Amino acid sequence: MSEQLLPGYIIRRGSTLDRALLLKFMQRTYQDLFPNDDFSHLEQTVKQYFSSDTPLWWIEEEAWGQRGRGLEQKSLTRDGGAEEQFFPPIPSAPPSLHPPIACLWVGNAIDQVQSNRHAHIFILYVVPEHRRRGIGRALMQYVENWAIQRGDRQIGLQVFQSNKPALNLYNQLGYQTQSLWMVKFLSAEK
């Protein structure tokens with residue numbers, strides 16, 4: 001089942017059968033930020049955390065998402081009247097021919113201070129050709145509504161400091177830094 005996310009785009013729920021496509025989107029996310037690194041290890045992350053308890057949504061262009069539904073169209077007749085025609089459904093194209101243009105994968109976390117379960121965004125990715133069209137903002141609003149409906153009181157995510165567009169979006173939406181994840185790289189030499 002799918003619904004319109006924005007004009008021209010639909011959102012549909014993914015399934016555990018989408019594991020390979022999710023992995024590709026995760027790898028693209030990290031390769032955009034770190035183009036010289038290898039992210040084959042992300043397969044283990046998907047294997048460990050992706051399940052029916054961690055929902056996944058795909059965004060498609062509406063032209064592809066509307067396939068499979070019949071279309072009624074009115075046309076003018078020679079005498080100026082209107083005539084309704086029905087065009088039969090177009091079979092859906094295989095997903096590999098028309099891949100999604102964005103995805104959102106959400107897991108569960110426990111607030112370590114207040115002990116509340118809450119949604120945690122694992123990945124939000126929009127392919128470069130579709131960025132700056134409001135898709136990321138619409139996805140964030142979508143997942144916030146989803147989290148509210150299931151009773152969550154907060155939603156969390158991690159973002160790289162170098163990802164300025166994402167940081168700007170999250171700040172505009174009211175997200176605040178709650179903790180800092182600090183890393184020290186260790187040398188093998190002594």
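Computed from a predicted structure; not experimentally measured. Every heavy atom of this structure was used, including side-chain atoms; hydrogens, water molecules and symmetry mates were not.
A donor-acceptor pair under 3.5 Å links the side-chain atoms of Ser51 to the main chain of Asp53, judged by distance alone. Asn171 places a side-chain N or O within donor-acceptor distance of the main-chain N or O of Leu167, the cut-off being under 3.5 Å.
Here the two rings, on Trp57 and Trp105, have centers that are 6.0 Å apart or farther.
Between Phe34 and Phe39, the ring planes lie tilted relative to each other; the angle falls in the 30° to 60° range. A perpendicular orientation is assigned to the rings of Phe122 and His120, their planes being inclined by more than 60° (bins at 30° and 60°).
A heavy-atom distance below 4.5 Å is not found between the side chains of Ile59 and Leu104. Using a 4.5 Å heavy-atom cutoff, the side chains of Gln44 and Lys47 are in contact. Side-chain contact check for Pro7 versus Arg133: every heavy-atom pair is 4.5 Å or farther apart. Here the side chains of Phe160 and Tyr30 are in contact, with some heavy-atom distance below 4.5 Å. No side-chain heavy atom of Asn36 sits under 4.5 Å from any side-chain heavy atom of Asp38. No side-chain heavy atom of Glu60 sits less than 4.5 Å from a side-chain heavy atom of Ile101. Counting heavy atoms from C-beta outward, Leu56 and Val106 have side chains that stay 4.5 Å or more apart. Under the 4.5 Å side-chain criterion, counting only non-hydrogen atoms from C-beta, Ile110 is not in contact with Asn116.
Here Asp32 pairs with Arg131 in a salt bridge; the nearest charged N to carboxylate O distance falls below 4.0 Å.
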| task | Mind running side chain to side chain contact (heavy atoms under 4.5 Å, CB included) on Ile11 and Trp58 for me, showing each step along the way? | result | CA-CA 6 Å; Ile11 186 167; Trp58 298 108; over 6 Å; no

| field | Check against side chain to side chain contact (heavy atoms under 4.5 Å, CB included), Arg12 and Glu3 | value | CA-CA 7 Å; Arg12 69 171 173 82; Glu3 60 186 280; over 6 Å; no

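Listed by first then second residue, pairs satisfying side chain to side chain donor-acceptor pair (under 3.5 Å) with a partner in residues 152-164 read Asp111-Gln154, Arg117-Asp152, His118-Gln154, Arg150-Asp152, not counting sequence neighbours.
Note that CD1 of Ile135 is 4.0 Å distant from OH of Tyr9, once rounded to the nearest 0.5 Å. Atom CZ in Arg137 sits 5.0 Å away from atom CG in Leu173 (nearest 0.5 Å). The distance from the SG atom of Cys103 to the CG atom of Asp18 is 10.0 Å, given to the nearest 0.5 Å.
Residue Met140 is not grouped with residue Ile148 when hydrophobic side chains (ILVMFWY) are merged at heavy-atom distances under 4.5 angstrom, including chains of intermediate members.
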